[in-house]
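Everything on this sheet refers to the single structure shown next.
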Amino acid sequence: MSQNPKPKLPTVCIVDAEGVTYTFDWATFSVGASVFIPCVATNRITEMLVGSARKHRIKLHIAVGERNGLWGVGVWRMR
């Protein structure tokens with residue numbers, strides 16, 4: 001009798017930032033990669049990213065601030 005392996009969690013995090021959808025596939029978002037998400041609701045975006053990263057044991061560096069005149073969230077994959 002064979003045992004079925006435990007199904008893997010999806011490695012995708014989908015973030016809706018004020019009408020723009022960002023899809024993070026943690027399996028392909030390589031260490032050192034970064035993205036800037038222009039938005040005003042920085043707390044909500046940050047919470048979504050941190051929650052998903054924790055589930056997948058991924059370390060992120062997140063910085064809220066201005067880039068090229070736009071306010072938003074910068075995300076870097078650390079591990």
Side-chain angles (χ1 to χ4, degrees):
M1 184 167 133
S2 68
Q3 292 182 347
N4 291 334
K6 197 174 192 180
K8 289 185 176 186
L9 287 173
T11 61
V12 175
C13 174
I14 299 172
V15 175
D16 178 15
E18 297 152 20
V20 179
T21 302
Y22 295 84
T23 303
F24 293 87
D25 185 348
W26 301 127
T28 60
F29 192 65
S30 59
V31 173
S34 67
V35 106
F36 182 77
I37 303 171
C39 62
V40 177
T42 56
N43 289 339
R44 184 179 64 80
I45 300 300
T46 299
E47 288 171 6
M48 291 175 71
L49 290 166
V50 168
S52 177
R54 279 188 184 142
K55 284 181 192 175
H56 299 290
R57 296 183 174 174
I58 291 169
K59 182 161 174 60
L60 300 176
H61 173 75
I62 295 179
V64 174
E66 182 184 348
R67 185 179 204 183
N68 298 328
L70 299 172
W71 189 254
V73 178
V75 183
W76 290 263
R77 176 149 181 201
M78 305 303 289
R79 115 183 112 131

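These numbers were taken from a predicted model, which means no experiment stands behind them. Any value given below was found using the heavy atoms of this structure, including those in side chains, with hydrogens, waters and symmetry copies removed.
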Do the side chains of Trp71 and Val35 join up, straight or via other hydrophobic residues, at under 4.5 Å, putting them in one cluster?
-> yes

Least distance between heavy atoms, Cys13 atom then Ser52 atom | CB-OG, 3.3 Å

Result for ring pair (Phe, Tyr, Trp, His ring centres under 6.0 Å) between Phe29 and one of Phe24, Trp76, Tyr22 points to Phe24

Hey, are the side chains of Leu60 and Val50 touching, using non-hydrogen atoms and a 4.5 Å cut-off?
-> no

Could you tell me which non-hydrogen atom of Phe36 sits nearest to which non-hydrogen atom of Leu70, and how far apart they are?
-> CZ-O, 3.5 Å

Arg44 and Glu18: which non-hydrogen atoms are nearest, and at how many Å?
-> NH2-N, 4.3 Å

Among Val15, Val73, Val75, find the residue that satisfies the side chain to side chain contact (heavy atoms under 4.5 Å, CB included) test when tested with Thr46.
-> Val73

Mind checking whether Ile62 and Val20 sit in one hydrophobic cluster, side chains of I, L, V, M, F, W, Y counted as touching below 4.5 Å?
-> yes

Can you tell me how far OG1 of Thr42 sits from CD of Glu47, rounded to the nearest 0.5 angstrom?
-> 9.5 Å

If you round to the nearest 0.5 Å, how far is CZ of Arg77 from CD1 of Ile58?
-> 4.0 Å

